[in-house]
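Encoded as structure tokens, the structure appears first; notes follow it.
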Amino acid sequence: MKKIITIQDISCIGKCSLTVALPIISAAGIETAIIPTTILSTHTGFKDFTFRDLSSDIPLIEKHWLKENFKFAAIYTGYLGNTKQIELVEHFINSFKNKNNFVLIDPAMADNGKLYPGFNEEFVLKMKELCFMGDIIVPNLTEACLLLGIKYKKDFSIEEIKVMLNKLSEKIDKVVITDISIGNKIGIMSYDGKEFFSYFRTKIPAKYHGSGDVFASSLLGCLSNNIDLNKSLKIAIDYTWECIKETYQENKNAYGLNFETKIPYYINRVKRKK
Ligand code: PXL
């Protein structure tokens, strides 16, 4: 059985990061090892959340796993709480990256043109350094702007996004920018050094925390099943879109996606590999 490792926080309530990655990647039939980097009472969309930094455990876990000679088919990182954690994750990747696995970095640090609480310019630079260790990165449009040092706006043209993808792919094999709005459509555009790919669905007029995590986790589940990148992107977008639709119909103001009831849909798509 394939095993991947995902390194991100546990938001005890909030439906993001590990509480999303574990069930979704497991549903794809992939053993999901975890390193929780921080325990928060909720995601940072709530006020007064608690924040327990588990950084000091990361090198100890790494050392133990090296001794056990564990191998991972993929390394997937998401939200990291501070620059120290990014450094520790870089060290972990250097220890466990090999020629048979791949590294997926979701530089989860911002949305809607704004950094998440607690992050600053120094954090962005460090996250950029981590992205350069990735084989594939999946920033949303805000994060892509931060990585490139350009001003965020909602309505970049397709041509402008292609320039951004080109620039990011100078240092990274595969780049996927999410949360791109074109008219009444929303979706992703990607570049693998050879071809651009895009996939859009009709926009649902709501945004939910953790949508990027549902997307990245379902993408990783597909890629780990040897589904090619473009098909994986389609499945991940369709699944995320189904979750957003379900959530919107149920509670427009939900704090996270209803990703659970659509898991059978996702499994079905993974099984069909399309
Ligand atoms: O979904 C990204 C994410 C992950 N973890 C925490 C967050 C967020 C987004 O806000 O706050 C703690």
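Order of listing sets the numbers, starting from 1, for every ligand and every atom in it.
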Protein contact of [atom] - nearest heavy atom, named by residue and atom, plus distance:
atom	answer
atom 4 (C) of ligand 1	Tyr79 CB, 3.4 Å
atom 1 (O) of ligand 1	Asp213 OD2, 2.7 Å
atom 11 (O) of ligand 1	Thr44 OG1, 2.6 Å
atom 5 (N) of ligand 1	Asp9 OD1, 2.9 Å
atom 10 (O) of ligand 1	His209 CD2, 3.0 Å
atom 12 (C) of ligand 1	Ser11 OG, 3.3 Å

[Y]/[X] salt bridge by N-O under 4.0 Å criterion:
X	Y	answer
Asp228	Lys273	no
Asp53	Lys84	no
Arg201	Asp238	yes

Can you name the atoms of ligand 1, numbered from 1 with element, that are less than 4.0 Å from a heavy atom of [X]?
X	answer
Ser17	4 (C), 5 (N)
Gly210	1 (O)
Leu40	12 (C)
Tyr116	9 (C), 10 (O)

Checklist entry - Taking atom types as modelled, is there a side-chain donor on Ser190 or Lys174 under 3.5 Å from an acceptor on the other? => result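 Not at all, the side chains of Ser190 and Lys174 share no donor-acceptor pair under 3.5 Å.
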Checklist entry - Using the benzene-type ring in the case of Trp, are the ring centres of Phe72 and Trp65 under 6.0 Å apart? => result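 Under 6.0 Å, so yes.
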Next on the checklist: Tell me if the aromatic rings of Phe259 and Phe215 count as close, with their centers under 6.0 Å from one another.
Outcome noted: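 Here the rings of Phe215 and Phe259 have centres that are no less than 6.0 Å from each other.
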Checklist entry - Does Lys162 make a cation-pi contact with Tyr191 (under 6.0 Å, within 45 degrees of the axis)? => result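 Judged by the rule, Lys162 and Tyr191 form no cation-pi pair.
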